[in-house]
2 protein chains.
Amino acid sequence: MENKRDHKLDNFFSYSFSLDCLIFGFQDGKINLLLVKRESEPFKDQWAIPGDLIYPDEDLPNAASRILKDLTSIEGIDLHQAQTFGNPARHPQGRVITSAYFALVRMDDLQEYARSWSDRIQWMPIYSIPRLSFDHNEIAISTFEVLKQKLTIYPIAFDLLPEKFTINNLQEIYEYAFQQDWDKANFRKKLKKIPLIKLNEKQKNVKHRPASLFKLDSEQLSKMIKREDYSFSLKIN
Amino acid sequence: MENKRDHKLDNFFSYSFSLDCLIFGFQDGKINLLLVKRESEPFKDQWAIPGDLIYPDEDLPNAASRILKDLTSIEGIDLHQAQTFGNPARHPQGRVITSAYFALVRMDDLQEYARSWSDRIQWMPIYSIPRLSFDHNEIAISTFEVLKQKLTIYPIAFDLLPEKFTINNLQEIYEYAFQQDWDKANFRKKLKKIPLIKLNEKQKNVKHRPASLFKLDSEQLSKMIKREDYSFSLKIN
DNA sequence: CTTAGATATTGTAAAATATACAACAACAAT
DNA sequence: ATTGTTGTTGTATATTTTACAATATCTAAG
């Protein structure tokens with residue numbers, strides 16, 4: 001097998017490895033994907049998923065963190081590997097294999113940032129993504145599927161929410177992700193296994209009964225995960 | 001970002017992309033992984049997961065199929081992408097990023113093949129994998145986790161079984177995968193949603209009541225999947 | 001031929017979960 | 001105070017899961 005090697009490595013783009021970082025945020029009932037406008041060819045001035053080539057001494061998770069940090073200044077959050085794409089035709093200038101990672105961020109933390117770059121970056125609801133550069137539409141769809149899968153198994157939806165949130169905020173994430181409604185009273189019961197702390201604080205500026213704010217009891221959650229006596233599974237349907 | 005490029009591509013091993021193909025088979029109540037003895041350095045004569053460099057004009061699924069076929073002559077079965085590994089130190093001779101794919105095969109179909117190559121290949125139960133070359137232990141563990149995950153959602157366990165099987169065969173796959181026992185009577189009920197055809201045939205050469213043989217109604221299953229009125233979820237615990 | 005040993009298969013009651021929806025609570029606006 | 005709106009709790013019912021009894025069907029031993 002090994003004698004079949006016939007790779008052309010004479011120029012940079014003949015064979016390269018990149019990483020795309022899909023940054024998801026939640027606002028106004030919608031899950032959004034952060035897109036950047038490309039500054040160079042190919043696909044100059046078109047929307048794309050932020051990414052970069054992997055550095056020679058860099059592990060994949062490091063590259064993902066770096067790309068996230070360079071773009072948003074966010075550090076120290078979980079990054080999840082999704083699929084890897086290697087179609088020989090996916091990059092017009094040569095063979096670029098790319099791994100998709102995704103991060104779930106709190107959009108509130110990025111308001112100021114978003115304004116300052118408003119002409120080069122854009123949040124787009126995941127169900128309204130425009131045509132993107134390269135095969136980035138395929139990557140977006142595939143990665144969102146991975147995200148949805150993880151949402152049913154792990155309590156990662158909290159990463160999209162501010163520290164203090166209402167039960168309904170959480171429900172909106174699931175309803176938007178799965179394009180499906182749940183009964184409010186019953187959705188609440190699905191959360192019984194997740195350690196939530198009910199705060200002595202309420203939602204403000206709403207013109208109806210304000211909802212209680214909760215926060216995730218992360219310590220308790222880690223303990224439960226460590227003990228393996230935890231299993232969240234959100235049954236869809 | 002793009003001006004930070006400083007990749008050394010002067011020799012083949014400075015930056016390369018490979019694919020490892022994890023072939024799982026089921027026999028005697030155990031899920032096995034197919035290992036090959038390396039024929040060249042590094043790790044010459046040590047066990048490894050079969051893999052190869054990706055060809056320049058080859059998509060990832062193609063490379064996975066090729067590796068599977070070269071090794072086993074098996075064609076036309078599903079291949080599943082698992083995780084991609086890119087630690088800069090994972091290959092002693094240079095930077096090799098690798099994607100793991102896995103396939104579920106019928107070991108019966110490979111008996112003859114396995115004998116003819118018996119000194120260079122080996123089936124090892126997934127819970128008894130010896131020390132492997134490179135970071136292949138990590139890859140094996142990670143990929144088996146992906147497999148387990150898929151086992152809870154998709155009816156892929158059938159790919160490991162001969163066309164005709166008993167309910168107990170199926171149960172053994174799950175029990176070995178999750179290292180956990182199920183009540184036989186109840187396990188049977190979990191399968192209600194899967195379209196199985198009960199054959200007029202029974203298990204032979206057993207010294208007790210022989211079990212009925214079943215086969216998967218693949219046509220019906222595809223229809224159900226197409227209609228999206230299908231959801232298999234095997235609750236662990 | 002009969003019986004013991006083993007596992008297969010079906011059935012069923014009890015327990016646990018999920019669902020539908022009623023009832024009430026707490027706020028803003030009028 | 002009243003209405004509108006959504007939050008929250010409670011509860012009866014339906015559904016699913018679990019535990020386990022009962023019976024079936026084979027081999028092997030006597």
Side-chain angles (χ1 to χ4, degrees), chain A residues 28-29 151-153 155 157 161-162 164-176 178 180-216 224 229-237, chain B residues 28-29 151-153 155 157 161-162 164-176 178 180-216 224 229-237:
Chain A
D28 301 329
L151 277 175
T152 67
I153 308 177
L161 293 173
K164 300 169 183 181
F165 54 84
T166 68
I167 300 295
N168 199 47
N169 292 153
L170 191 58
Q171 184 169 352
E172 284 173 335
I173 292 178
Y174 282 95
E175 294 193 337
Y176 187 75
F178 296 97
Q180 181 175 136
D181 291 340
W182 273 272
D183 177 284
K184 286 184 185 219
N186 293 336
F187 184 85
R188 198 170 280 264
K189 291 170 192 159
K190 288 179 190 288
L191 307 176
K192 266 184 300 190
K193 291 176 204 152
I194 300 180
L196 295 177
I197 298 168
K198 185 174 186 163
L199 303 169
N200 282 325
E201 236 179 302
K202 308 209 162 190
Q203 214 178 14
K204 286 190 174 147
N205 304 321
V206 287
K207 51 183 173 189
H208 53 74
R209 174 178 175 177
S212 288
L213 294 175
F214 290 79
K215 89 187 179 68
L216 179 64
M224 291 166 72
D229 78 345
Y230 167 80
S231 92
F232 171 54
S233 99
L234 186 105
K235 228 175 105 190
I236 309 304
N237 257 337
Chain B
D28 302 329
L151 278 175
T152 66
I153 308 177
L161 293 173
K164 300 170 183 181
F165 54 84
T166 68
I167 301 294
N168 200 47
N169 293 153
L170 191 58
Q171 184 169 353
E172 284 173 336
I173 292 178
Y174 283 94
E175 294 193 336
Y176 187 75
F178 297 96
Q180 179 176 136
D181 292 340
W182 273 272
D183 176 285
K184 285 185 185 220
N186 293 336
F187 184 85
R188 198 170 280 263
K189 291 169 193 160
K190 290 179 190 288
L191 307 176
K192 266 183 300 189
K193 291 176 206 153
I194 299 179
L196 295 177
I197 299 167
K198 185 172 186 164
L199 304 169
N200 282 325
E201 237 180 301
K202 308 212 161 187
Q203 214 178 14
K204 284 190 175 148
N205 304 320
V206 287
K207 51 184 173 189
H208 52 75
R209 174 177 175 178
S212 287
L213 294 176
F214 289 79
K215 89 187 179 69
L216 179 64
M224 290 166 71
D229 78 346
Y230 167 81
S231 93
F232 171 54
S233 100
L234 186 105
K235 228 175 102 190
I236 311 304
N237 256 336

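Within every chain, numbering begins at 1; the chains are lettered A, B, ... in the order of the sequence lines, protein sequences first and strands thereafter. Basis for what follows: all heavy atoms, side chains included, without hydrogens, waters or symmetry-related copies.
The interatomic distance linking A:K192 (NZ) with D:dT8 (C1') rounds to 15 Å, in whole Å. Between the CH2 atom of A:W182 and the C1' atom of D:dT6 there is a distance of 20 Å, rounded to whole Å. The interatomic distance linking B:D181 (CG) with D:dT17 (P) rounds to 19 Å, in whole Å. Between the P atom of D:dT6 and the CZ atom of A:R188 lies a distance of 15 Å, rounded to the nearest Å. Between B:N205 atom CG and C:dT7 atom C1' the separation is 16 Å, expressed in whole Å. For the pair A:F187 CZ and D:dG10 C1', the interatomic distance rounds to 19 Å; values are reported in whole Å. In this structure, the CD1 atom of B:I167 is 14 Å from the C1' atom of C:dT7, given to the nearest Å. Atom C1' of nucleotide D:dT9 and atom NZ of A:K189 are separated by 8 Å, given to the nearest angstrom.
Nucleic acid contact for A:T166: none, since no nucleic acid atom lies under 4.0 Å from a heavy atom of the residue. Counting any heavy atom pair closer than 4.0 Å across all strands shown, A:K193 reaches no nucleic acid atom.
Of the candidates C:dC21, C:dG11, D:dT9, the closest approach to any side-chain atom of A:D183 belongs to C:dC21. The side chain of A:N186 lies closest to C:dT19 when the candidates are D:dC20, C:dT19, C:dT9. Checking D:dA28, D:dG7, C:dG11 against every side-chain atom of A:N168, the shortest atom distance belongs to D:dG7. Set against C:dC27, D:dT25, C:dC21, the side chain of B:R209 has D:dT25 as its closest nucleotide.
B:Q203 places no side-chain N or O within donor-acceptor distance of the main-chain N or O of B:T166, the cut-off being under 3.5 Å. At least one donor-acceptor pair closer than 3.5 Å links the side chain of A:E175 to the backbone N or O of A:W182. When atom types are taken as modelled, the side chain of B:Y174 and the backbone of B:L234 share no donor-acceptor pair closer than 3.5 angstrom.
OP1 or OP2 of C:dT17 has not a single side-chain nitrogen or oxygen of A:K190 nearer than 4.0 Å. Phosphate contact (OP1/OP2 of C:dA8, side-chain N/O of B:K184, threshold under 4.0 Å): present. A close approach under 4.0 Å does occur between a side-chain nitrogen or oxygen of B:S212 and OP1 or OP2 of C:dT9. Side-chain nitrogen and oxygen atoms of B:K198 include at least one within less than 4.0 Å of the OP1 or OP2 phosphate oxygen of C:dT10.
Scanning all heavy atoms of the two residues, the minimum distance from B:K215 to B:F165 falls at CA-CE2, 3.9 Å. Counting all heavy atoms, side chain and backbone alike, A:P195 lies closest to A:L216 at O-CD1, 3.6 Å.
Note that CG of A:D183 and CD of A:Q171 are 8.0 Å apart. Values are rounded to the nearest 0.5 Å.
Toward the 5′ end of DNA chain C lies the nearest nucleotide of B:H208, the other residue of the pair A:P210 and B:H208 mapping further downstream. Each of A:K207 and A:Q203 was matched to the nucleotide of DNA chain D holding its nearest heavy atom; the match closer to the 5' end belongs to A:K207.
Judged by distance alone, with hydrogens and angles left aside, B:K202 brings no side-chain donor or acceptor close enough to the base of C:dT9 to form a pair under 3.5 Å.
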